[in-house]
Participant: 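This structure is in structure tokens; I'll ask about it shortly.
The figures that follow rest on heavy atoms only: side chains count, while hydrogens, waters and symmetry mates do not. Owing to the predicted nature of the structure, the values given are computational and were not obtained by experimental measurement.
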Amino acid sequence: MKLAPWTRISLRTIALTYLGVLLVLPLIIIFWRTFERGVGAFIDSVTTPAAQSALQLSLLIVAIVVPINVVFGVLTALALVRGKFPGRNLVQGLVDLPFAVSPVVVGVSLIMLWGAHGWFGGLENHGLKVIFNLPGMVLATIFVTLPFVVREVEPVLHEIGDDQEQAAATLGASRWQTFWRITLPAIRWGLTYGIVLTVARALGEFGAVIMVSTALPGKSQTLTLLVHGRYTNDHNTFGAYCAATLLMGIALIVLLLMTLLERKRGTAK
């Protein structure tokens, strides 16, 4: 459909104004409030023991969650695309469940399962504390980031088909050799893009993590919880803005990486 010039200009103006008010303006305000005291004050705020601990904990959770989601995400995608089994549609729905369920509900569910009075609460008597500890935060993050690798790898598997895999099997290649030499190189861009999305989502998760964390500085406080704690509990708005800017800086790096990967994936095609 061909639009008149004034219509195109109006639509672009409305879209840019909408994005500017919702995205650009808040970011400008946060950056201005962060650096109004100078770069030195920002550095001092993000290098406190609490901030360093929050950053290290966030990166630790990412380092645990990403490999787990990669392994199970690829296996799930292969099962959904290459396999035919009863309940396949149910599995498809379960993969998309984190998109539909509120992260807070996820946190409450984990408490009911792994809490002191939950179904598996007896594990605390054996020295394994899940809720209000690192394992609970990892489980919550795994749940909310589960779909990304699956949903990025699955369409690639549909696109490449299984002709080459069948040919390799005919020539005597084992399943592992077929996966390592044929399937993995073919899905590498989709897998990499899914990893980047998983990293971004894991770094920014708040709702599910705060439900299963004590949010104590230096113990179980991630960067998102640090922003919340400084702003709400400590009434340290400047420190909250600095922590938010640090988190946005990491997110910006992830966004740039996503853009580069998308361009390379388009070139590879």
Side-chain angles (χ1 to χ4, degrees), residues 8-48 50-59 61-62 65 98-107 137 140-141 143-145 147-148 151 193-213 215 217 220-263:
R8 292 198 300 268
I9 294 174
S10 299
L11 290 175
R12 291 173 184 174
T13 302
I14 293 173
L16 291 175
T17 302
Y18 178 78
L19 292 175
V21 172
L22 289 183
L23 297 177
V24 179
L25 184 60
L27 292 179
I28 291 176
I29 293 175
I30 291 175
F31 275 114
W32 174 66
R33 292 296 301 271
T34 298
F35 295 105
E36 63 180 344
R37 302 183 186 179
V39 178
F42 166 74
I43 295 176
D44 291 339
S45 180
V46 297
T47 54
T48 61
Q52 291 181 355
S53 175
L55 176 59
Q56 292 172 2
L57 182 58
S58 295
L59 296 179
I61 292 175
V62 170
V65 168
F99 289 139
V101 176
S102 169
V104 175
V105 175
V106 175
M137 301 169 71
T141 308
F143 185 92
V144 298
T145 58
F148 294 107
R151 291 308 179 215
Y193 201 56
I195 290 174
V196 174
L197 290 174
T198 301
V199 171
R201 186 70 174 86
L203 284 173
E205 178 52 36
F206 174 77
V209 171
I210 196 173
M211 295 299 297
V212 296
S213 167
S220 61
Q221 189 178 61
T222 61
L223 274 177
T224 53
L225 299 185
L226 176 66
V227 175
H228 176 265
R230 283 181 170 180
Y231 192 86
T232 304
N233 301 329
D234 302 337
H235 303 290
N236 180 9
T237 55
F238 175 72
Y241 285 130
C242 291
T245 300
L246 176 62
L247 189 60
M248 285 192 300
I250 300 174
L252 180 61
I253 295 174
V254 175
L255 179 62
L256 292 175
L257 181 59
M258 287 171 56
T259 304
L260 293 174
L261 291 174
E262 186 66 21
R263 290 180 179 178

Participant: Please give me the minimum heavy-atom distance between Gly107 and Val212, naming the atom from each residue.
Facilitator: O-CG1, 3.8 Å
Participant: Taking Ser220's backbone N and O only, do any of them form a donor-acceptor pair with Ser213's side chain (distance below 3.5 Å, no angle check)?
Facilitator: yes
Participant: Think Arg37 forms a cation-pi with Phe238, using NZ or CZ under 6.0 Å from the six-ring centre and within 45 degrees of its axis?
Facilitator: yes
Participant: Using only atom types and a distance under 3.5 Å, with no angle test, would you say the side chain of Thr232 pairs donor to acceptor with the backbone of His228?
Facilitator: yes
Participant: Could you work out, with side-chain contact (heavy atoms from CB on, under 4.5 Å) as the rule, every residue matching Ile250, not counting sequence neighbours?
Facilitator: Leu55, Leu203, Leu223
Participant: Quick check: closest heavy atoms across Pro26 and Gly20, and the distance to 0.1 Å?
Facilitator: CD-O, 4.2 Å
Participant: Mark yes or no for whether Arg201, through its side chain, and Thr145, through its backbone, hold a donor-acceptor pair below 3.5 Å.
Facilitator: no
Participant: For Ala243 and Arg230, which heavy atoms make the closest approach, and how far apart are they?
Facilitator: CB-NH1, 4.1 Å
Participant: How far does OH of Tyr241 sit from CD1 of Ile30, to the nearest 0.5 angstrom?
Facilitator: 7.0 Å
Participant: Do Cys242 and Arg33 touch side chain to side chain, with heavy atoms closer than 4.5 Å?
Facilitator: no
Participant: Working to the nearest 0.5 angstrom, can you tell me the gap between Leu257 CG and Leu197 CG?
Facilitator: 10.0 Å
Participant: Evaluate side chain to side chain contact (heavy atoms under 4.5 Å, CB included) for Thr245 paired with Phe35, printing each intermediate quantity in order.
Facilitator: CA-CA 10 Å; Thr245 300; Phe35 295 105; 4.1 Å; yes
Participant: Measuring from atom OG1 of Thr17 to atom CG of Leu25, what distance do you get when rounded to the nearest 0.5 angstrom?
Facilitator: 11.5 Å
Participant: If I take atom CG from residue Leu57 and atom CE from residue Met137, how far apart are they, to the nearest 0.5 angstrom?
Facilitator: 4.5 Å
Participant: Do you know which two heavy atoms are closest between Thr48 and Asp44, and how far apart they sit?
Facilitator: CG2-O, 3.2 Å
Participant: Run the ring pair (Phe, Tyr, Trp, His ring centres under 6.0 Å) test against Phe99 and tell me which residues pass, sequence neighbours left out.
Facilitator: Phe148
Participant: Find the distance between CD1 (Ile43) and CG (Leu246) and round it off to the nearest 0.5 Å.
Facilitator: 11.5 Å
Participant: Considering residues at least two apart in sequence or located in another chain, which fulfil the side chain to side chain donor-acceptor pair (under 3.5 Å) criterion with Gln52?
Facilitator: none
Participant: What distance do Leu260 atom CG and Leu256 atom CG have between them, rounded to the nearest 0.5 Å?
Facilitator: 6.5 Å
Participant: Are Asn236 and Tyr231 packed together at the side-chain level, in the sense that at least one heavy-atom pair is separated by less than 4.5 angstrom?
Facilitator: no
Participant: Give the minimum heavy-atom separation between Ser45 and Ala51, together with the two atoms involved.
Facilitator: O-CB, 3.8 Å
Participant: Would you say Thr224's side chain and Glu205's backbone share a donor-acceptor pair under 3.5 angstrom?
Facilitator: yes
